[in-house]
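Since this is a predicted model, take the numbers as computed values, not measurements. Note on naming: letters A, B, ... go to the chains in the order of the sequence lines (proteins, then strands), and numbering restarts at 1 for each one.
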Amino acid sequence: MVDKIKSVKEAIDLVKPGMSVMIGGFLGVGTPEKLIDELVEKGIDNLTIIGNDTAFPDKGIGKLIVGKRAKKVIVSHIGTNPETGRQMNEGELEVDLVPQGTLAERIRCAGAGLGGFLTPTGLGTVVEQGKQKITVDGQEYLLELPLKADVALIKGHKVDRKGNIYYRKTARNFNPIMAMAADTVIVEAEEIVEVGGIEANDVMTPGLFVDIIVSGRDEK
Amino acid sequence: MVDKIKSVKEAIDLVKPGMSVMIGGFLGVGTPEKLIDELVEKGIDNLTIIGNDTAFPDKGIGKLIVGKRAKKVIVSHIGTNPETGRQMNEGELEVDLVPQGTLAERIRCAGAGLGGFLTPTGLGTVVEQGKQKITVDGQEYLLELPLKADVALIKGHKVDRKGNIYYRKTARNFNPIMAMAADTVIVEAEEIVEVGGIEANDVMTPGLFVDIIVSGRDEK
Amino acid sequence: MIESKERRREIIVKRVAQEFRDGDVVNLGIGLPTLVANYLPEGIDITLQSENGFVGMGPAPEPGGEDPDLTNAGAQPVTALDGAAFFDSCMSFSIIRGGHVDATVLGALQVDKKGNLANWMIPGKMVPGMGGAMDLVVGAKKVILAMEHTAKGQPKILNECTLPLTAKEQVNLIVTDMGVIEVTDRGLVLKEIAPDTAVDEVVEATEAPLIIAEDLKVMEV
Amino acid sequence: MIESKERRREIIVKRVAQEFRDGDVVNLGIGLPTLVANYLPEGIDITLQSENGFVGMGPAPEPGGEDPDLTNAGAQPVTALDGAAFFDSCMSFSIIRGGHVDATVLGALQVDKKGNLANWMIPGKMVPGMGGAMDLVVGAKKVILAMEHTAKGQPKILNECTLPLTAKEQVNLIVTDMGVIEVTDRGLVLKEIAPDTAVDEVVEATEAPLIIAEDLKVMEV
């Protein structure tokens, strides 16, 4: 069996400046904090960060913003992190705001091998700028395109050695779809279990999507 | 709390001749047999049946074909049921063959409120007939449209009184997506449990999608 | 016009709470809309959907009972009721965008006579992002605005929104501290009026033309 | 040309089994391709994906150990190995169509010099439907055909398919009882030849022009 377990340092060695990085979580809930801390500490910059939001200055993706690791963010919301707004207004950070449902669907779309999808969300708003409109049966839609990344950093509650993941409560959020949509998928596990430690019927992300597993525990 | 539990007869009373009916299952595995038996017995005909396949003459959707209840089927495969082929060749039954992945995605698409999606599956084959082609970044795709139904008949392993469903092994297949894509959703439960009998984290189809629950047990 | 700000807010949430049928799936925005859950009429049981990934949201936990993996869409600790179900963001928005949410209740910066809504940014001042609002307003079966009728004395119900839109022609009902307004093909119809409030007052506080319902009622709040 | 049908089939599946790397996710079609799993080289562990909804498919159960809720895509009882994962049809085809399957092995009625494949219908004779074949052939990273070189003495590797296509230009490798043919931009390249088989025989049995690899090898089967 291929050994997917690495140290946080080994995992983050795969992230290079300028890469696009998807990061799971919703306002920091379900975000892999250890992986983020290592990214900040190592000083990898010019990242394009894809996530639901920029969380808070001291939490989740927020720490990467405060640490000036991003040149661009693709998110649905930045209101909880004043530093994101400041960097945007100063021209230091490019912010691409995407409706949350469209963001989730675009990530899944990439993971599922689709070329795009049609949605009414955003019609008649600034969201439609630069997008193709397609009419089906008299109803107008925006054509939204897939969104993928070089690396996905996600968080699982239980992860077995094959990379099968079980998430917990609202910490699930964007993690399962990001696991499908990046070239390299790194999961931070609250608990690493043996194969069989998650019932096959209850696996939420099949291990085939996962390249690297790191422990989120403090004792490393 | 709204009481969703009905008898098989009460449930099938909602299916009228000429309706479109989605039926879960893969070659009969995960198909609600009691609901199908009642449909056959009651003689509701001219149905448009949407499912993965037409199973076998004595199993699942196959029984509806043998019982001449369908005027049309939208499926990915009919090879295991010779009666489907015979009716098709005799002009008694319209058969719309759809690639399995496209079929699943079209059903989800309807359930998720999307207007369509782009896929390379079917390009250069008879599947592209009558479909719009859309080019994104130099790559050609077929525009596939959502597929919904008047009624979905699905099967769950455990179902709680709110309609939350837990499926088992490969009996899951098309059931969860069909639960999202029909006006009326009827689930046949191998076991009906009290609310709380399925862990909130392990629910596979949230009860909000389900209108009616029937018992799949023999003692009714 | 009611003087007490507290009473004005109470009027709004009490009245919105009357809009639901037993069994409805409802998404409540952060802030004023959240309070609606406290005023449901007897016998009306609704299921709250939270766009960060579950249905069956319950109230805040007792102090000390917070679970870091269980929050609402504002990252505040909440509880899950019996029969709740957790799911990922894609399923969450399939529920929202697929028309499986019976009603969503949101605040507004501006709304206009066509039911256009602006509630997500003020250019140059406040750009928090739309979060899930655009999806909710387009996807929910019924869009209810819960808002004060005016802001600093200025009308918020306009002929035409001047701020960037959240969605076009999606609002169904506007509930304010002065009345209940339905968005119809004919325009905005004042269906109910707040206690101790005159029709002239409402018309005055509204930029868009109001059609006064023939059977205008007083809000039961 | 090898006489024994059994040996011809063995050659095909043994050779296909050499195509995988440790850890590969593979979807095997019903019939001949299914047998590939029995011939994996030492140290090569692959994960089988079954399009009806799981990865980690194991062999048929002991008699009496069948589970009606656990079958392969042909409705035959199978088992699930440790580390398996079940999912719905939409996830199953997201895995297939999203490029997460390393290789798919299928049979063919016809294949041509451009890598076009026909394997799902014979008009007027056999119309079983495409099932998941079109998705697999378009979505899998590598498409391997496991097929007898000819059918009733007639070539199946053609200049141009005459039957309705399963997919256009998606086939990567053709493994037959006579050799291994790679589909390249230059055309079909015969890379390996079966034991006791002459190049002339292969060329004779193939309608499409064959480029003979300079380093033509004998199949190690």
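The choice from C/A85, C/G132, C/G53, C/G131 that makes the most heavy-atom pairs within less than 4.5 Å of chain A is C/G131. If you tally non-hydrogen atom pairs under 4.5 Å between each of A/P99, A/A104, A/G79, A/A171 and chain C, the highest count goes to A/P99.
Contact annotation for C/S50: neither backbone nor side-chain heavy atoms come within less than 4.5 Å of a heavy atom of chain A. For A/Y167, no part lies near chain C; criterion is any non-hydrogen pair under 4.5 Å. For C/A167, the part lying near chain A is the backbone, with the side chain staying farther off; criterion is any non-hydrogen pair under 4.5 Å. Using a 4.5 Å cut-off between heavy atoms, A/E128 makes no contact with chain C at all. At a 4.5 Å heavy-atom cutoff, the contact between A/F174 and chain C is made by backbone and side-chain atoms alike. Proximity to chain C is absent for every atom of A/T84, based on heavy atoms less than 4.5 angstrom apart. Only the backbone of A/V98 comes within less than 4.5 Å of a heavy atom of chain C; no side-chain atom from C-beta onward does. With a threshold of 4.5 angstrom between heavy atoms, C/E169 does not approach chain A through any atom at all. For C/I96, no part lies under 4.5 angstrom from a heavy atom of chain A. Proximity to chain C is limited to the side chain of A/P176, based on heavy atoms less than 4.5 angstrom apart. In this structure, chain C has a heavy atom under 4.5 Å from the side chain of A/M88, while its backbone stays farther away.
Between the side chain of A/R108 and the backbone N or O of C/C90 there is no donor-acceptor pair closer than 3.5 Å. Within the 3.5 Å criterion, the main-chain N or O of C/T71 finds a donor-acceptor partner in the side chain of A/T170.
For A/E92, the CD atom is densely surrounded, since the number of other residues' heavy atoms within 6.0 Å is greater than 12. Within 6.0 Å of the NZ atom in C/K114, the count of heavy atoms belonging to other residues, nucleotides or ligands does not exceed 12. Applying the 6.0 Å contact sphere to CD of A/Q139 captures more than 12 heavy atoms from other residues, nucleotides or ligands. Residue-environment remark: CD (C/E204) stays at or below the threshold of 12 foreign heavy atoms within 6.0 Å. Within 6.0 Å of atom CZ in C/R21, 12 or fewer heavy atoms from other residues, nucleotides or ligands are found, so the atom counts as exposed in its surroundings.
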* To do: Quick one: do A/T119 and C/F93 satisfy side-chain contact (heavy atoms from CB on, under 4.5 Å)? Show the steps, please.
  => CA-CA 12 Å; A/T119 178; C/F93 281 88; over 6 Å; no
* Start with the C-alpha distance between A/M204 and C/D88, add both sets of side-chain angles, then the distance that settles side-chain contact (heavy atoms from CB on, under 4.5 Å), and finish with yes or no. => CA-CA 10 Å; A/M204 294 173 178; C/D88 67 28; over 6 Å; no
* To do: Would you check, one step at a time, whether the test side-chain contact (heavy atoms from CB on, under 4.5 Å) holds for C/D67 with A/R168?
  => CA-CA 11 Å; C/D67 179 340; A/R168 187 167 173 275; 2.6 Å; yes
* Take C/W120 and A/L97, measure what side-chain contact (heavy atoms from CB on, under 4.5 Å) needs, and give me the verdict at the end. => CA-CA 11 Å; C/W120 75 280; A/L97 291 169; 3.9 Å; yes
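The two atoms that bring A/N173 and C/N52 nearest to each other are CB-O, 3.8 Å, heavy atoms only. In this structure, C/A73 and A/F26 approach most closely via the heavy-atom pair O-CE2, 3.4 Å. A/L27 and C/G74 make their closest contact through CD1-C, 3.8 Å (heavy atoms, listed as atom of the first residue, atom of the second, distance). Taking every heavy atom of both residues into account, A/Q100 and C/D135 meet most closely at N-OD2, 3.3 Å. Nearest heavy atoms, A/E105 versus C/S94: OE1-OG, 4.5 Å. Across A/G124 and C/K168, no two heavy atoms sit closer than the pair CA-CD, 3.8 Å.
The CE atom of C/M130 sits 6.5 Å away from the OG1 atom of A/T125 when rounded to the nearest 0.5 Å. Once rounded to the nearest 0.5 Å, the distance linking CE of C/M91 with CD1 of A/I177 reads 12.5 Å.
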